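Below is one structure, written out as structure tokens; comments come after it.
In what follows, chains carry the letters A, B, and so on, assigned in the order in which the sequence lines appear, proteins first and then strands, with residues in each chain numbered from 1. As the structure is a computational prediction, the values presented were derived from the model and not from experiment.
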Amino acid sequence: MPSPILSGLNPEQLEAVTLPHQSALILAGAGSGKTRVLTTRIAHLIQSGQVSPHGILAVTFTNKAAKEMAARLSAMLPINTRGMWIGTFHGLCNRLLRAHHAEAGLPAQFQIIDSQDQLAAIKRLLKGLNVDSEKYPPKQVQHFINGNKEAGIRAQQVEAHDTYGRRLTEFYAAYDDQCNREGVVDFAELLLRTHELLSRNQLLREHYQERFNHVLVDEFQDTNRLQYAWLKLLAGQRGAVFAVGDDDQSIYAFRGANTGNMREFERDFHLDKIIRLEQNYRSHGNILDAANALIKQNSGRLGKNLWTAEGAGEPIRVFQAATDQEEAAFIVEQVRALHGEGVALSDMALLYRSNAQSRILEHALFNAALSYRVYGGLRFFERQEIKHALAYLRLIASLHDDGAFLRVVNFPPRGIGGRTLEQLQAAAAAQQLSLWQAAAQRVLGGRPAASAAAFVELIEAMRAACAGLPLAEQIEHVLEASGLAAHYRASKAEADRLENLEELVNAAAAFVGEQGVEEEASPEQDVLATFLTHAALEAGEHQAASGSDALQLMTVHAAKGLEFHTVFMSGLEEGLFPHDNSLNEAEGREEERRLMYVAITRARRRLYLSFAQSRMLHGQVRYGIASRFLSELPAELLMPVGAAAAPYAPQPARSPGRGETRPGGAWNIGQNVVHPKFGAGVIVNCEGRGTDARVQVNFSQGGLKWLALEYAKLAPA
DNA sequence: ACTACGAGACTTTTT
DNA sequence: GTCTCGTAGT
């Protein structure tokens, strides 16, 4: 007698869901019901009595995915998912480290710092070591540290081959020391610490290995080395790892995702089961055919071909615009028409490769009075006013947090400037004290000591006043006592920041409301710590939902996992998409292609691909040719649209348009040329006439150069 | 100690 | 075009 939760699954989905206790890889194509399979399997395991909710570990990458999984699960089964171990890698690590902080060598109230805070900590560290930030850019040091942590390598284990590498390794070691002193943990550290804790502590390891009989992973293709090692460790010899992913949608290699994990998983776990979910429930045939044809050109795929029971549907529309403005105007016009036909604006997406492209599109939409919503940008807990407020709270919770100290010691301004801080930092370093201790012990003399002492008193007063208050009231008190609220009230230009601070109080109240149900007996101080963790681990929505029907604007990355009736993929030009910076290595080129694959498979019914021959980028006009991806799609699936409906490839040399000079009569923008010294290149700009005429050439070897035509020995190629 | 101006950068991003 | 960072000026 099949259970109702299994009804409606196709044979492959059913097989995946009802697999016995064994490790398995589910290759789930776009729109193949991946999340459904994952959640239904958990529900099925529990319902059939194979495991209790207690024995499940379900890991995702984003909080959104974790929440959705929990929500779907509680809709399927009458269970409370709150106590279950469903969460992000980082969230679950946090949970483990809080429970075993002593064994992990962490203070009970350790704070989590985000990448911004981490970068600030590194800058501070380098400054203290008198390091030339030209030679060792903080961003690069951060990259080095995180890269090593994600490979499971501590500073002591780094194999440095040159002076530069040895220096970076020193910084890595010093950074970890600094974090330990301050009681802060960065994102990568959460994972590495947990991994070390479990590898070192046999009792703990066996406890969790026994407990988590079933480990389920979402978006497995996005895991990095450390996350994979973490999974392997938790699963142990007898555990079953059920990994769901799609190698064709791996678009995060640039931030450490190891595409090799899928193959390694297959080998390490001796998989005899790889289930492919290839039936797509989202898109019409032409769209899937295009996606399949494109992705086939990548090498080293595990292999998969999407199909649909639906018809072919409409052809894919391709639009060639002369300028980015024209491209935007075309999109506006099409959006209007479709909206008129009854397609909701929110069911249409406007995608682009990089955020910089959104502005011109926004401009056109704004002028057309079409409502739109841009995803991306600053998130709630990343805003500076929120960071300031949280830093006061962090300092109250954990006085030795130098990062928090420095963020607020002079904000709002209270006469503690760079000079004073330098002295304070020197004194603290000399005596191995935190900045707080140094300030509290009045190591300074003169006027600076007085202002520092005043700050110490301020924080101590806040700490005392907050003790025992509900969280929201604590925050309200801090906002007033610190002068933050007054500071933002005083400036008209920053009224929105004040609003955000008020929103922070609301968020805290809501947070306590949600928490309160479960953990009724938790002491007040712990609520603050939990809230700070929440703020660090979950930066909040990118933008508050406007509620109204609005066109969705976002990068292709941000669109992963979403679907729309109509998708406009804009800016399909060489150099933009695929992006210049990714073209050097085959890996990068293939990732760009996967990105294009993700873009195409977002569309249910209609797909527009557009590009512009000229585009304003970085304040300069760039001339581009059609993206290679357009020629990689089967021509019979494409339909040129728009005023000209002209063929777009191969790119004909364009004669100069309005306002463009035509020096010497022989040189055109877009023309390929050869220079005796610089080699092959393409003309991207012209200027002046007669003997003054100059052309700008983008050389494949030498980069961008302005050349005076009178002297340069330029020849057509 | 704070503010203002200019030089240079600038793919994608979650935790 | 726009944001960030560092330095110079008040």
Side-chain angles (χ1 to χ4, degrees), chain A residues 59-66 87-94 112-120 123 127 133-134 137-139 143 146 149-150 185-192 218-219 222-224 226-227 250-257 324 351-360 362-363 375-379 381-382 384 410-422 447-448 451 533-540 542 554-561 571 575-584 588 591-592 594-596 598-599 615-622:
Chain A
V59 199
T60 64
F61 273 86
T62 65
N63 293 296
K64 196 175 148 202
T88 62
F89 279 101
H90 300 266
L92 296 170
C93 284
N94 173 60
I112 297 166
I113 55 170
D114 65 15
S115 335
Q116 253 181 71
D117 297 334
Q118 185 190 34
L119 185 62
K123 281 182 182 166
K127 211 167 199 171
S133 62
E134 295 272 284
K139 279 237 172 70
H143 185 82
N146 289 338
K149 285 192 179 185
E150 279 163 16
V185 168
D186 62 50
F187 287 139
E189 184 71 25
L190 281 171
L191 281 143
L192 185 50
D218 191 17
E219 305 279 17
D222 289 339
T223 50
N224 63 33
L226 183 54
Q227 285 158 340
S250 163
I251 56 174
Y252 287 110
F254 74 91
R255 70 171 193 216
D324 46 358
L351 308 183
Y352 32 81
R353 171 69 239 262
S354 67
N355 287 116
Q357 291 163 250
S358 79
R359 214 190 45 248
I360 184 123
E362 286 183 64
H363 188 78
Y375 289 79
L378 261 202
R379 304 160 91 209
F381 286 110
E382 288 167 358
Q384 68 149 353
N410 201 33
F411 195 92
R414 46 177 73 93
I416 304 176
R419 200 72 243 286
T420 308
L421 282 174
E422 253 172 52
R447 202 214 306 270
S451 33
T533 298
H534 164 81
L537 248 30
E538 202 169 337
H542 261 308
M554 64 192 89
T555 62
V556 183
H557 282 93
K560 189 171 158 219
L576 252 192
F577 195 12
H579 196 276
D580 271 331
N581 299 0
S582 68
L583 293 177
N584 290 328
E591 179 147 321
E592 294 286 303
R594 291 193 293 269
L595 198 51
M596 181 69 183
V598 168
R615 172 179 304 277
M616 192 69 153
L617 204 66
H618 306 321
Q620 268 200 323
V621 180
R622 269 182 64 132

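A:Ile416 places its CD1 atom 14 Å from the C1' atom of B:dC2, with the value rounded to the nearest Å. Remark: C1' of B:dT13 and CG of A:Asp114 are 13 Å apart, rounded to the nearest angstrom. Atoms CG (A:Leu351) and C1' (B:dT11) sit 15 Å apart, rounded to a whole Å. Rounding to whole angstrom units, CG of residue A:Asp222 and P of B:dT14 are separated by 11 Å. As rounded to whole Å, 12 Å separates atom P of B:dT13 from atom CD of A:Glu382. B:dT12 atom P lies 11 Å from atom CG of A:Leu576, rounded to whole Å. Between the P atom of B:dC10 and the CZ atom of A:Arg353 lies a distance of 15 Å, rounded to the nearest Å. Separating the OH atom of A:Tyr252 from the P atom of B:dT11 is a distance of 16 Å, rounded to the nearest angstrom.
You can call A:His579 stacked on the base of B:dT11; the centres are under 5.5 Å apart and the planes sit within 30°. Residue A:Phe254 and nucleotide B:dT12 are classified as a stacked aromatic pair, their ring centres being separated by less than 5.5 Å at an interplanar angle below 30°.
Remark: the A:Ser115 side chain and the B:dT14 base include no donor-acceptor N/O pair separated by less than 3.5 Å.
Distances shown here put a side-chain N or O of A:Asn355 below 4.0 Å from the OP1 or OP2 atom of B:dT13. The shortest distance between the side-chain N/O atoms of A:Thr555 and the OP1/OP2 oxygens of B:dT13 is below 4.0 Å. At the phosphate of B:dT13, neither OP1 nor OP2 sits under 4.0 Å from any side-chain N or O atom of A:Arg379.
Looking at heavy-atom distances under 4.0 Å, A:Asn63 makes contact with sugar-phosphate atoms alone, never a base. The residue A:Phe577 sits apart from the nucleic acid: no heavy atom pair falls under 4.0 Å.
Looking at every heavy atom in both residues, A:Asp324 comes nearest to A:Met616 through OD2-N, 2.9 Å. Across A:Gln227 and A:Leu191, no two heavy atoms sit closer than the pair CG-CD2, 3.9 Å.
Distance from the side chain of A:Glu592 is smallest to B:dT11 among B:dT15, B:dT13, B:dT11.
Put simply, CZ on A:Arg594 and CD on A:Glu592 are 10.0 Å apart, with the number rounded to the nearest 0.5 Å.
Checked by atom type and distance alone, the side chain of A:Arg353 never pairs as donor or acceptor with a backbone atom of A:Leu576 at under 3.5 Å. Within the 3.5 Å criterion, the main-chain N or O of A:Arg255 finds no donor-acceptor partner in the side chain of A:Asn146.
Classified by interplanar angle (parallel below 30°, tilted 30° to 60°, perpendicular above 60°), the ring pair A:Tyr252/A:His557 is tilted.
Mapping A:Leu421 and A:Leu537 onto DNA chain B by nearest heavy atom places A:Leu421 at the nucleotide closer to the 5' end. Of the two residues contacting DNA chain B, namely A:Arg255 and A:Asn410, the nearest-nucleotide position lying further toward the 5' end is that of A:Asn410.
Contacts of A:Arg414 classified as side chain to side chain donor-acceptor pair (under 3.5 Å), with partners at least two apart in sequence or in another chain: A:Tyr392.
Aromatic ring centroids of A:His579 and A:Phe254 lie 6.0 Å or more apart.
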Letter per nucleotide, 5' to 3', of nucleotides 1-8 of chain C [B base touched, S only sugar-phosphate touched, - untouched; heavy atoms, 4.0 Å]:
BS--S---
